[in-house]
Visitor: 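Encoded as structure tokens, here's the structure I'll be asking about.
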Amino acid sequence: MSSPIIGTSLTRVDGAAKVTGRADYAADAAAPGMAHGALVLSTVARGTVHAMDTAAAERAEGVLAVYSPFNPLKLHRIKTTADLSFVGQFWLPLQDDKVRYYGQIIGLVVAETYEQARYAASLIHPDYRTEPARTSFTDGLARAVPPPVPVHFEDSQVDIVTAGLGSVDEAIDTAPVTVSVTYTQPPQVPLALEPHAVLASWEEGTLTLRLGSQSPLGHALAAAETLGLAMDQVRVLSPHVGGAFGGKLYVWPHPLLTAAAARELDRPVRTVLTQEQVFSVVGHRSAVSQTVTLGAERDGTLVALKHDAVSSLSLSGVIYETAAHTTSRYTYRCPNIHVGQTVVPLDSPPTTWVRAPGEAPGSFALESAMDELATELGLDPIDLRMRNYATVFPGRGVPWSSKHLDECYRVGAERFGWQPRTGPRQPAGEEDDWLVGTGMAGATYPGQLLPITAAGVRLTAAGTAAVSSAAADPGTGMRTVLAMVCADDLGIPVDRVEAHLGDSALPLNYGAFASMGTASTTAAVRSATVAVRRQLVELAVGEPDSPFHGLPEDAVTYAEGRLVSGELNVGFGELLTLLGRDSLDSPGLAMPGAERLRFAIHSFAAHFCEVRVHRSTGEVRLNRWTTVVDGGRIINRKTARGQIVGGVMFGIGQALLEGLRAEPETGRFANGNLADYVVPVHADMPGFDVHFLDHPDTNFSPLGARGIGELGTVGTAAAIGNAVFNATGRRVRDLPITVDKLI
Ligand code: MOS
């Protein structure tokens with residue numbers, strides 16, 4: 001098929017609606033007779049709620065109900081840890097009197113208005129029996145333990161990956177050059193501008209949840225499980241999502257409680273979290289400490305790579321950062337690789353998925369350590385990487401489906417104007433009071449497909465088409481990508497296609513996570529468009545009212561929205577009209593094929609950046625940025641660029657600004673609010689040069705698309721740290737790189 005649309009740069013089909021305020025988000029949703037929920041959160045880290053005086057709240061104006069451990073809403077038990085259900089923590093609130101972290105839900109007030117509900121919630125005074133809590137990751141490092149649930153990735157079940165020389169430690173001991181360094185970073189949150197909110201309404205025993213979701217289907221499954229419903233009694237609607245970053249993948253308890261309250265009160269209930277509440281009700285990325293030891297020959301050839309990661313794991317959660325297994329396990333060719341993972345259990349809010357889970361911290365450690373080794377050896381960092389370039393997946397011996405990381409380095413160096421280095425540190429220069437430095441890092445992220453994905457395509461008698469799948473568009477551009485692929489496959493303009501997603505009742509799709517959405521969903525759409533075109537030809541030759549009636553199928557071709565045979569040339573809308581049909585529907589299905597096991601599959605990128613560091617204040621500013629991406633076939637260059645820039649921005653936060661700080665005594669996140677938890681804004685952004693290599697990966701998906709949603713975050717913090725070192729000679733191994741660490 002020719003591709004006039006795929007690979008172009010198209011403005012989002014819902015862009016105008018979003019920027020003009022017409023796109024409605026969960027907190028905008030309303031229903032007749034709607035009441036309002038407000039959460040009550042715990043103010044100790046561990047213990048029990050001994051008593052809870054709710055009398056004043058119950059008497060307050062407009063209050064309909066006050067739910068607490070002493071007046072609970074029944075939720076059903078959920079599966080625990082290893083089942084990986086879509087619930088973000090493995091216990092549900094109000095079902096017992098335990099407090100497991102500061103800021104957990106211990107009550108829900110429902111009132112006529114939002115203000116009444118919030119005011120009444122402020123009148124509630126719980127009495128706690130507190131117990132000593134473990135809240136400090138640093139203090140906990142000494143008691144790190146093996147993870148209670150295994151590292152989740154198929155290639156990551158072993159610690160020693162390759163051992164060519166007896167043991168990794170022996171290889172390190174005998175290596176001519178070694179670098180052994182420890183890197184640390186605090187927890188990071190999946191901070192989205194859209195607050196977490198839910199509207200729950202019931203009609204004849206059927207629940208509709210309006211919320212922002214990365215997985216409407218996952219949310220529906222979790223709601224059905226916890227509320228005791230069949231799947232056809234739950235519908236999750238999530239038409240627009242104002243950012244997610246992992247935080248809207250799993251279901252947190254507030255939609256479940258809100259739904260239970262709405263059922264009991266027989267009224268729709270909407271609960272909108274305050275931004276402060278989001279910090280503890282929604283999970284966060286583990287704190288991580290990593291030690292990387294590299295052993296090398298003097299020419300830079302790696303002989304040993306040992307990477308041990310320690311991550312915080314909430315005692316309420318199931319997810320932790322698998323930093324070593326998702327990076328050092330396969331990034332470089334090396335005869336001795338060891339990746340290790342332990343966790344520090346904490347009485348903290350749930351640890352969960354946050355953009356580039358594992359890779360974001362892991363790449364910071366590995367790609368910083370490689371820079372430290374390059375400095376030690378007096379080698380250019382690209383040269384060092386190319387000397388250890390992996391063409392087969394370490395320990396498995398299979399090639400990559402499509403790997404052009406070398407081209408990323410080369411093209412990136414050209415575009416950026418990278419000056420090759422030899423010998424000791426050579427700072428890029430100075431500008432007035434600023435020290436200037438450059439840095440680079442590589443990036444990998446696995447190419448994965450959802451286990452099964454469906455889509456539907458409808459052609460109408462008006463000559464338009466609709467494409468649908470229960471996919472999510474948390475800002476990724478999925479709605480636009482759906483429309484583009486459908487239009488391209490049908491040979492019609494994009495403005496003749498409507499795309500539907502964000503609804504659990506649409507054809508099965510697990511949603512937007514792990515950078516799998518585009519490859520998985522476009523494969524299902526392709527399957528549906530192939531089917532609908534075939535069906536159209538069958539109708540054309542088989543139906544008596546068709547001008548093509550009686551022709552052999554192979555005499556009729558489909559092109560650019562029309563059926564053609566000799567002189568006959570009929571648009572599909574026209575044909576459907578002639579046949580007296582309003583529409584024609586075809587489903588499509590995609591599943592990963594077994595041939596994928598013959599390959600390792602990853603997306604790749606290389607980042608280059610220039611920073612300036614103020615000589616007196618230590619302030620770090622980013623001057624410019626180049627990222628070259630090997631992400632398979634790019635469907636929409638504009639939204640793809642947005643994904644990479646957004647991903648890099650996430651890494652800039654990790655490198656320079658972000659970090660949750662828990663108070664030791666209470667476990668309270670001292671900076672858990674939008675004023676004190678600092679994320680990058682436009683003023684922090686460098687000029688971006690994002691370049692996509694064009695190597696379709698058809699070993700992986702029919703369109704050759706892979707995934708890029710998280711790739712931009714990987715390696716970014718290392719590139720910045722490496723540039724700061726180049727500018728200043730200071731190696732900051734504890735993120736974020738703040739001024740106090742540079743002066
Ligand atoms: Mo993303 S952290 O896979 O939701």
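Ligands are counted one by one from 1 in listed order, and the atoms in each one are counted from 1 as well.
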Visitor: When you measure from the side chain of Thr274 to the backbone N and O of Gln277, does any donor-acceptor pair fall under 3.5 Å?
Guide: yes
Visitor: Going from CG on Leu622 to CD1 on Ile652, what distance comes out if it is rounded to the nearest 0.5 angstrom?
Guide: 5.0 Å
Visitor: Taking the six-membered ring for Trp and the single ring otherwise, decide whether the centroids of His219 and Tyr250 are under 6.0 Å apart.
Guide: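 Between His219 and Tyr250, the centre distance exceeds or equals 6.0 Å.
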Visitor: Is it true that Asp503 and Arg235 have a side-chain N and a carboxylate O under 4.0 angstrom from each other?
Guide: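 A salt bridge links Asp503 with Arg235.
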Visitor: Please list, by chain and number, the protein residues whose heavy atoms come under 4.0 Å of ligand 1.
Guide: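 Only Gln214, Gly246, Leu249, Trp353, Val354, Arg355, Pro357, Phe513, Ala514, Glu710 have heavy atoms that fall under 4.0 Å of ligand 1, ordered by chain and number.
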Visitor: Should we say atom CG of Leu193 is surrounded by more than 12 heavy atoms from elsewhere, each under 6.0 Å from it?
Guide: no
Visitor: The test is side chain to side chain donor-acceptor pair (under 3.5 Å); show your working for Tyr510 and Gln214 and say whether it passes.
Guide: CA-CA 8 Å; Tyr510 282 98; Gln214 288 171 251; over 6 Å; no
